[in-house]
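Report on one structure; see the data block that follows.
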Amino acid sequence: MNTAVKTGTAEQSDENRVRFSVSLVSQGKHQFYTLTMPSDILSETCVVTTRVEDPKAGFQRELDEKRALEIARYIDEEEGTIPNSIVLSAQSVADLKIVGRGKTLEFNRLPGAFLILDGQHRVYGFSKAKTTLRVPVVIYNGLSRRDETRLFIDINTKQKPVPSQLLLDIKQLAESESEAEEVLRELFDLFHDEADSALSGYMSPATAVKGKITRVTFNNGVKPLLQLFSSRETNEVYQIINSYLKAVSSEISKKTLHPLLAKPVIFRAFLALFPLVAQRYVDKHENVYTADNFQRIIQPVFSNISMAKFEKTGTSWSSLKEYLEKRLTSKLSL
């Protein structure tokens, strides 16, 4: 005779059979069960089918080991919380049944009992964590592979992720910035707020706006330059980069009235050119940084340049940077 053993809201009736209290939810043409489940049981029973493993029937993405380890560290070291539900589809091996007047779900605690429709990296991260969590779970039952695939598509296309620029904008409030992120935020804010900023009116802190520079674009362009300013205060870094961008903007304004420097590709290209310009600057002017002196360095870049190169840049800032670098180098005179 089997003796039932209660484990939280789960009730284990034999070695492989477990029970959980559930609620039935109807949405549209589908019904599903909501419950919480220990993360170790999720790890044991859930599988992912990828296009690589099964080119004909697979529809999930390949697992990212690094991302899973980050989740595990977040759980173990930061005692983090992950309230999002894992979405599963019960497979035949689960032998899922509803008992106890419809309030209890019973299934086999076996590998492959559930296919993950959403949350594969969270489950993978749970399996690598030392800590066991109670995890919100949604379970569909009786789905065809067609239904599973359609739900996967809907889940991954209907939900709009939080924009990266907004996450960067609010990291200060969460007190989760790295040292570099703090410097980049302060620099962005100076370029956004200061009246003498070369980028005044062309910065967008929290949303993506055409013709404006977001925090993501700004950070990607400026972060590689921070190693050049390791001994300087943020305001000094601002003054130097701003003087350089003023010089670039001034040269561009001789060719066109369009604010081309606010185009991400052009912005990134000129920032990537900065170390080469700065080396020439130091050789000539030492460490007194002015827009006029920067302009004298970069004027050869703009001499007889075709503005079509700026108006139709494509998407590669690195290609544009290489073009600018060749012009700067080829017009060097002693």
Side-chain angles (χ1 to χ4, degrees), residues 165 168-169 171-172 177-206 209 211-303 310 317-318 320-321 324-325 327-329 332:
Q165 52 269 13
L168 287 173
D169 196 35
K171 266 197 167 185
Q172 178 193 11
E177 291 177 312
S178 66
E179 184 176 343
E181 287 173 336
E182 181 179 359
V183 172
L184 291 168
R185 173 180 53 78
E186 291 174 350
L187 282 172
F188 183 98
D189 291 344
L190 286 168
F191 276 104
H192 180 260
D193 298 333
E194 294 297 309
D196 71 336
S197 167
L199 303 175
S200 179
Y202 301 116
M203 310 290 281
S204 182
V209 178
K212 293 196 174 185
I213 297 169
T214 66
R215 288 189 186 273
V216 174
T217 298
F218 182 85
N219 287 8
N220 287 338
V222 176
K223 187 175 181 180
L225 307 182
L226 293 184
Q227 60 184 338
L228 301 175
F229 303 105
S230 58
S231 62
R232 292 185 178 273
E233 298 295 326
T234 303
N235 195 61
E236 293 179 287
V237 179
Y238 164 75
Q239 293 296 340
I240 295 170
I241 297 178
N242 191 48
S243 295
Y244 169 66
L245 293 179
K246 277 185 173 181
V248 173
S249 182
S250 180
E251 286 298 314
I252 290 176
S253 68
K254 294 178 182 179
K255 304 288 185 178
T256 178
L257 295 177
H258 297 297
L260 299 184
L261 194 54
K263 294 178 67 173
V265 171
I266 295 176
F267 176 75
R268 291 287 306 276
F270 274 105
L271 282 180
L273 185 68
F274 176 79
L276 187 62
V277 173
Q279 183 59 61
R280 283 163 169 70
Y281 189 106
V282 171
D283 292 342
K284 285 190 174 184
H285 307 290
E286 296 185 348
N287 60 354
V288 180
Y289 298 96
T290 68
D292 288 341
N293 285 342
F294 271 120
Q295 198 164 346
R296 292 187 184 96
I297 301 292
I298 65 170
Q299 274 176 343
V301 174
F302 291 89
S303 177
F310 292 131
W317 62 266
S318 59
L320 179 58
K321 179 256 184 180
L324 297 172
E325 186 175 319
R327 289 187 63 85
L328 180 64
T329 305
L332 175 66

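Values below: all heavy atoms of this structure, side chains included; hydrogens, waters and symmetry mates excluded.
Residues M203 and F218 meet the side-chain proximity criterion, which asks for heavy atoms closer than 4.5 Å. Between T217 and F188 there is no side-chain heavy-atom pair separated by less than 4.5 Å. Between L271 and I241 the shortest side-chain heavy-atom distance falls below 4.5 Å. Contact of the P275 side chain with the L225 side chain is registered, since non-hydrogen atoms from C-beta on lie closer than 4.5 Å. A heavy-atom distance below 4.5 Å is found between the side chains of N242 and S197. Looking only at side-chain heavy atoms (C-beta outward), F294 and V248 stay at 4.5 Å or farther from each other. Between K246 and D196 there is a side-chain heavy-atom pair separated by less than 4.5 Å.
Nearest heavy-atom pair, A269 versus W317, reported as atom, atom and distance to 0.1 Å: CB-O, 3.6 Å. Closest approach of P300 and R327 over heavy atoms only: O-NH2, 3.9 Å. When all heavy atoms are compared, the tightest approach of F267 to L261 is CB-O, 3.4 Å. Nearest heavy-atom pair across A262 and I213 is O-CG1, 3.7 Å. Nearest heavy atom pair, residue A247 against residue Q295, reads CB-N, 3.5 Å. Listed here is the closest heavy atom pair of V288 and N293: O-ND2, 3.7 Å.
Between E325 and K321 there is a salt bridge, since at least one side-chain N of the basic residue sits less than 4.0 Å from a carboxylate O of the acidic one.
Here the side chain of R215 pairs no donor or acceptor atom with the backbone of L184 at under 3.5 angstrom. Remark: side-chain polar atoms of S243 are paired, donor with acceptor, to backbone N or O of Q239 under 3.5 angstrom. N220 places no side-chain N or O within donor-acceptor distance of the main-chain N or O of R268, the cut-off being under 3.5 Å.
The distance from the NZ atom of K263 to the CG atom of L320 is 9.5 Å, given to the nearest 0.5 Å. Between L276 atom CG and T329 atom OG1 the span is 5.5 Å, to the nearest 0.5 Å. Residue L328 holds its CG atom at 12.0 Å from OG of S303, rounded to the nearest 0.5 Å. Atom CG of D292 and atom CD1 of I297 lie 12.0 Å apart (nearest 0.5 Å). In this structure, the separation between CG on L273 and CD1 on I298 is 8.5 Å, given to the nearest 0.5 Å. Between the CZ atom of F229 and the OG1 atom of T234 there is a distance of 11.0 Å, given to the nearest 0.5 Å.
Taking the six-membered ring for Trp and thresholds of 30 and 60 degrees, F191 and Y238 have ring planes more than 60 degrees apart, a perpendicular arrangement.
Within 6.0 Å of the OH atom in Y202, the count of heavy atoms belonging to other residues, nucleotides or ligands does not exceed 12.
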Would Y289 and F274 count as a ring-ring contact (aromatic ring centres under 6.0 Å, His included) if you check the C-alpha gap in whole Å, the side-chain angles of each, and the deciding distance to 0.1 Å? CA-CA 13 Å; Y289 298 96; F274 176 79; 8.1 Å; no
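The salt bridge (charged side-chain N to carboxylate O under 4.0 Å, His left out) analysis of residues 216-235, with sequence neighbours excluded, yields the pairs R232-E236.
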